[in-house]
Amino acid sequence: MSRAIRLHLMLMLLVSSGCQSGAQVQSDPVTLKVPVESDTAVVKRNSTPALEIPALQESPRQGELTRSTDPEIQEVSLTVAETDTDDDPLSPPPGYHNSLNVYETISQSLVGNPTLVALRETENVGLAAVGVAETYPFNPWIQVQATPDQHAPAGRSSGSTYHYVLMMQQIQLAHQQQFREDAAHSSLNSIRWNVHQTELQTTSMSAQLYYTVLYRRGLLEIAQASQDNNSRLLKALTKRYEAGDLSAADLATVRIDTRSTSQQLRLAEANYQTALRNLRNQLGLDPDSPVNFQGDLRDIRWRLPNAETAQQWQPEVYQQQISDLSDDKAWIASWAACRPDVQVAHADIDVASANLNLASANKVPDLIIGPYYQKDPDSMTRFGLRAQMDIPVINSGRPLERQRMAEFHQRTTVWQQTLLRAELEAQAAYERYQVAYELYERERGLTSNELPQELQSLEKQFEIGEVDVVRIIQARTSILQNQRAHLDLVNELAQSAALLVGAAGMPLELMIAP
């Protein structure tokens with residue numbers, strides 16, 4: 001009995017395993033062979049997240065700009081990958097601490113920015129389009145015709161059957177396949193440069209928002225210090241007023257000033273929280289995320305980059321064109337020429353060129369050719385070859401060619417104007433940073449975060465009755481205004497540095513001293 005039960009269980013296991021193997025759907029990834037070069041144009045990322053724009057290399061495919069990928073095969077799976085539902089998409093990566101500096105903030109933005117994450121998915125679409133273009137349109141069609149009871153003689157119940165079988169294939173004679181591949185690769189190249197441009201703008205915006213948080217925090221600290229000083233002064237003067245050593249007018253003046261600084265403190269706190277929320281949204285974090293941002297604008301050491309001091313950062317493709325290293329305009333222009341949006345416009349020229357070549361090739365009609373088999377009603381069998389071709393008399397293909405030519409000239413003009421705009425924007429951003437840096441150099445070291453000794457001596461003189469309270473308030477107000485002016489200057493320098501990153505594509509390390 002036990003042997004029969006074991007045999008029954010084994011049969012049930014075999015049946016169940018067979019059902020599972022038969023019901024499983026095999027989903028093999030689609031393999032796309034994309035020819036790439038080993039030395040290709042890529043926006044590199046070092047350990048720090050600032051973007052570098054290196055030299056552009058031309059691949060054998062008509063000046064196509066490519067990005068470093070797998071040198072042999074790229075696999076693109078069309079199946080939807082299962083995601084872990086326990087992971088919170090709004091939480092920071094586990095490698096980050098609760099306090100981020102500017103480089104970690106930029107890295108987090110490049111990983112978690114929602115717009116950038118969605119845009120990166122377009123590269124898979126471009127890779128799939130390359131796979132479609134590299135697939136030759138081999139799709140023969142077959143035609144079968146049968147006509148029974150043809151010319152049935154008298155006295156017979158059925159006649160002969162006439163039938164034929166025809167198989168045809170369309171053959172392209174003007175290398176249209178090559179031009180379609182060129183267009184697909186150039187379009188993929190444009191998609192990748194678009195991703196790089198979005199990464200560059202994300203880097204610039206994240207740096208701007210990060211420095212805004214530090215600036216608002218500095219204003220909050222100044223407002224808090226002003227409120228604390230006024231509160232202590234008001235408490236001391238209240239005791240003196242109760243003792244009869246101070247007039248009511250002086251006490252009212254200090255009370256009004258304390259109320260004003262209290263309102264400024266609340267406004268500074270609200271602005272600081274708004275800046276934090278904006279930065280966390282930029283990073284793709286929850287608005288209530290515990291991640292904080294470390295640093296102080298007044299502690300950052302800035303420097304002015306130029307062609308002489310930053311030769312190691314110069315794009316190699318333009319190093320030979322700059323003979324005078326003191327020519328900062330040529331140096332800035334070389335950075336602007338490597339900007340990703342300029343490369344997008346150049347890739348669009350390649351797409352338009354490939355489409356123009358395809359339109360010119362389509363003026364040569366395709367050849368449709370194939371064998372056929374035929375059996376006549378008289379039972380004669382024939383084998384042969386049939387071919388057909390359009391006669392380009394009315395539709396010669398020239399209108400489409402003229403359209404593609406106009407598109408090519410339009411894309412060329414867009415590239416030229418994009419390059420000009422990039423040079424103007426980069427030069428303006430560099431000049432703005434240079435002005436802020438020169439002013440920063442003149443004012444550096446003249447401002448202290450501590451209350452100066454002059455104010456402390458005035459407070460001592462006020463305690464013994466040698467000066468009135470108005471002079472104390474004026475001195476403290478002047479000092480706080482001086483500190484805020486210094487913070488505004490440093491914030492202008494930081495914001496102009498972040499804008500220079502987006503306008504010229506320079507890494508942030510060029511402007512921050514180690």
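This one's a predicted model, so the numbers in the text were calculated from it and none came from an experiment. Note: hydrogens, waters and symmetry copies are ignored here, and every other heavy atom, side chains too, is used.
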| request: Take T122 and R192 through the side-chain contact (heavy atoms from CB on, under 4.5 Å) test and state the conclusion after the steps. | output: CA-CA 9 Å; T122 58; R192 287 171 171 172; over 6 Å; no
| Going through the checks in order, is the salt bridge (Lys or Arg N to Asp or Glu O under 4.0 Å) test met by D288 and R280? | CA-CA 9 Å; D288 298 328; R280 287 166 180 164; 5.8 Å; no
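- A donor-acceptor contact closer than 3.5 angstrom links the side chains of Q178 and D182.
- A donor-acceptor pair is defined here as one N or O able to donate and one able to accept, closer than 3.5 Å; such a pair exists between the side chain of S334 and the backbone of W331.
- No donor-acceptor pair closer than 3.5 Å links the side chain of Q427 to the backbone N or O of I332.
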| Verdict with reasoning, Y164 to Q143, per side chain to side chain donor-acceptor pair (under 3.5 Å) | CA-CA 8 Å; Y164 76 90; Q143 181 178 357; 3.1 Å; yes
List the atom pairs, donor and acceptor, that lie under 3.5 Å between side-chain atoms in residues 359-368 and the rest of the protein, sequence neighbours left out.
residue	atom	partner	partner atom	Å
S360	OG	L356	O	3.1
S360	OG	E401	OE2	2.7
N362	ND2	L358	O	3.2
K363	NZ	E401	OE1	3.0
D366	OD2	Q170	NE2	2.6

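- Taking the side chain as every heavy atom from C-beta outward, F138 and P140 approach each other to under 4.5 Å.
- Put simply, the side chain of L493 reaches to within 4.5 Å of the side chain of Y437, judged on heavy atoms.
- The line from CG of L100 to OG of S206 is 11.0 Å long, rounded to the nearest 0.5 Å.
- Side-chain atoms of V130 and E181, non-hydrogen and from C-beta on, never get closer than 4.5 Å to each other.
- Taking the six-membered ring where tryptophan is involved, the planes of Y433 and W302 are perpendicular, since the angle between them exceeds 60° and thus also 30°.
- Looking at N113, its side chain never comes within 3.5 Å of a backbone N or O of S109 through a donor-acceptor pair.
- Looking at S190 and D348, their side chains do bring a donor and an acceptor atom within 3.5 Å of each other.
- A donor-acceptor pair under 3.5 Å is absent between the side-chain atoms of Q343 and the main chain of W193, judged by distance alone.
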| message | Would Q197 and Q201 count as a side-chain contact (heavy atoms from CB on, under 4.5 Å) here? Give the steps. | response | CA-CA 6 Å; Q197 173 65 12; Q201 296 303 319; 3.1 Å; yes
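- Residue A422 comes nearest to V342 through the heavy atom pair CB-CG2, 3.7 Å, listed as atom of the first residue, atom of the second, then distance.
- With hydrogens and angles left out, the side-chain atoms of Q282 and T105 include no donor and acceptor closer than 3.5 Å.
- Note that the CG atom of L424 and the CG atom of L420 stand 4.5 Å from one another [nearest 0.5 Å].
- Closest non-hydrogen pair, N194 versus L119, comes out as O-CD2, 3.9 Å.
- D390 places no side-chain N or O within 3.5 Å of a backbone atom of P392 that could act as its donor or acceptor partner.
- Pairs passing the salt bridge (charged side-chain N to carboxylate O under 4.0 Å, His left out) check and including a residue from residues 407-417, sequence neighbours excluded, read R404-E407.
- Q208 and S204 are linked by a side-chain donor-acceptor pair at a separation below 3.5 angstrom, with hydrogens and angles left out of the test.
- Taking each heavy atom of T212 and A275 in turn, the nearest pair found is CG2-CB, 4.2 Å.
- Counting heavy atoms of neighbouring residues, nucleotides and ligands inside a 6.0 Å radius, atom CE of M168 exceeds 12 of them.
- Taking all atoms of both residues into account, the shortest heavy-atom contact from T198 to T202 is O-OG1, 2.6 Å.
- Between Q172 and Y136 the shortest side-chain heavy-atom distance falls below 4.5 Å.
- Here the straight-line distance linking atom CD1 of I512 with atom CZ of R303 works out to 9.0 Å at 0.5 Å rounding.
- Ring orientation note: the planes of W415 and H346 are nearly perpendicular, at an angle over 60° on the 30°/60° scale.
- At a threshold of 4.5 Å between non-hydrogen side-chain atoms, the residues Q374 and L166 do not count as touching.
- Closest approach of N355 to A183, counting heavy atoms only: OD1-CB, 3.8 Å.
- Few gaps surround CD1 on I142; more than 12 heavy atoms of other groups in view lie less than 6.0 Å from it.
- No side-chain heavy atom of F408 sits less than 4.5 Å from a side-chain heavy atom of N357.
- Of the listed residues (R180, Q177, H185), just one forms a side chain to side chain donor-acceptor pair (under 3.5 Å) with E134, and that residue is H185.
- For the atom pair CG of N491 and CG of L214, the computed distance is 9.0 Å after rounding to the nearest 0.5 Å.
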| said: Apply salt bridge (Lys or Arg N to Asp or Glu O under 4.0 Å) to residues E425 and R339 and explain how you reach the verdict. | reply: CA-CA 11 Å; E425 292 178 353; R339 226 169 65 170; 3.0 Å; yes
| request: Please report the C-alpha distance between R216 and V213 in whole Å, then the side-chain angles of each, then the deciding distance to 0.1 Å, and finally whether the side-chain contact (heavy atoms from CB on, under 4.5 Å) criterion is met. | output: CA-CA 5 Å; R216 294 298 181 184; V213 167; 6.0 Å; no
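- Side-chain atoms of Q495 and Y215 form no donor-acceptor pair, as typed in the model, at a separation below 3.5 Å.
- Contact detail for N278 and L209: the closest heavy-atom pair is O-CD1, 3.7 Å.
- Atom OH of Y210 and atom CG of L297 lie 8.0 Å apart (nearest 0.5 Å).
- Checking side-chain atoms of Y103 against main-chain N and O of L508 turns up no donor-acceptor pair under 3.5 Å.
- Between the CD1 atom in I391 and the OG atom in S396 there is a gap of 13.5 Å [rounded to 0.5 Å].
- Side-chain contact between V111 and V117 is absent, with no heavy atoms from C-beta onward closer than 4.5 Å.
- Under a 3.5 Å cut-off, the side chain of S353 and the backbone N or O of I349 do not form any donor-acceptor pair.
- Under the 4.5 Å side-chain criterion, counting only non-hydrogen atoms from C-beta, Y211 is not in contact with F293.
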| request: Report the C-alpha distance between R120 and E199 in whole Å, list the side-chain angles of each, state the deciding distance to 0.1 Å, and finish with yes or no for salt bridge (Lys or Arg N to Asp or Glu O under 4.0 Å). | output: CA-CA 10 Å; R120 287 196 180 104; E199 289 176 346; 3.2 Å; yes
